[in-house]
Amino acid sequence: MCRPRPQPVVLEQIETIAALRSRLTHGGAVGLVPTMGALHAGHVALIDAARRDSDLVVASIFVNPLQFNNADDLARYPQTLDADLSVCRDRGVDLVFTPSAAEMYPQPPECTVDVGRMADNLCGKYRPGHFRGVATIVLKLFQIVQPRFAYFGQKDAQQLAIIKRLTTDFNLPIGIVEVPTVREPDGLALSSRNRHLNAEERKIAVSLYVALTHAATMIREGARSAELIRRAAVDLVPQTAGLRLEYLEIVDPNTMQPLMEVDGPVCIAGAMWVGATRLIDNVLAVP
Ligand code: PAF
């Protein structure tokens, strides 16, 4: 579906739920791009996909405190609102929703989304409560914006799988559109956190992608034991000071549950600390 975009586009920034709701009464197909700001080319790919499908594109920029299990990580999360607004303007976003924490959480929520076992491993294991926070804010944004489509990156594979399941389990009439990971020329996945890397860290940050793609190659070439593939990939991560692999797992791409044998499409996912920066990435592999 490709709809011509009305010209000229004037970007509207809206900070309250009431103002956004009263603005969203025109009846066309709304595409929602939920973000935490610090926009990069990965977000641009989400916005461009939304622009292709929707009459009205809404991007939200909200650093959601409920999904941070570590206060330092929240404090350190990059905030670049002016630059983000100009990215949105350049890419033809119609409305940017920039609520405050008090607007989204006027009181600490009593009711949150219990994600269940999809949040038990991978990032969920190392960031307790993270996916409860993600699923809760995404459900709130869906309720507020009521989009026809919402756009998420494949880079956050566990988040994407959980959000797809959220829409199924709660019968939400929203199409979840997944957009491929955007990478630097050496393969490093774009992430808002990459801006924390110094030059030395930036060079070694690609090791996670190298390990993940090695596992994918083994699968394409016939390896089937998830543990053997996993170990070979882990062994490839250099024992360099400042680099620490948190996890590297082979999981079912829909349920995020670990696999013993590769007998269908798999997601190979990992998280790695590079200095004080935690990076995640994943690749899909088909035997
Ligand atoms: O992927 C993100 O940036 C966030 O987890 C999301 C989906 C915007 C929810 O805060």
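Every number for a ligand or one of its atoms is a count from 1 in the order of the listing. Predicted model only: the values in this text are computed from it and were never measured.
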Look at [atom] and say which protein heavy atom is nearest, naming residue and atom and giving the distance to 0.1 Å.
{"atom": "atom 3 (O) of ligand 1", "value": "M36 CG, 3.6 Å"}
{"atom": "atom 5 (O) of ligand 1", "value": "Q159 OE1, 2.7 Å"}
{"atom": "atom 10 (O) of ligand 1", "value": "Q67 OE1, 2.6 Å"}

What atoms of ligand 1 come closer than 4.0 angstrom to any heavy atom of [X]?
{"X": "P34", "result": "8 (C)"}
{"X": "T35", "result": "8 (C)"}
{"X": "I137", "result": "9 (C), 10 (O)"}

- Task: Indicate yes or no: does R23 engage D94 in a salt bridge with an N to O separation below 4.0 Å.
- Result: no

- Output yes when R91 and D48 qualify as a salt bridge under the 4.0 Å nitrogen-oxygen rule, no when they do not. yes

- Message: Could you check whether atom CG of D235 has more than 12 heavy atoms from other residues, nucleotides or ligands sitting under 6.0 Å from it?
- Response: yes

- Message: Could you check whether any side-chain heavy atom of R230 comes within less than 4.5 Å of a side-chain heavy atom of E249, counting everything from C-beta outward?
- Response: yes

- Item | Aromatic ring pairing Y126/Y247, orientation class (parallel under 30°, perpendicular over 60°, tilted between) | parallel

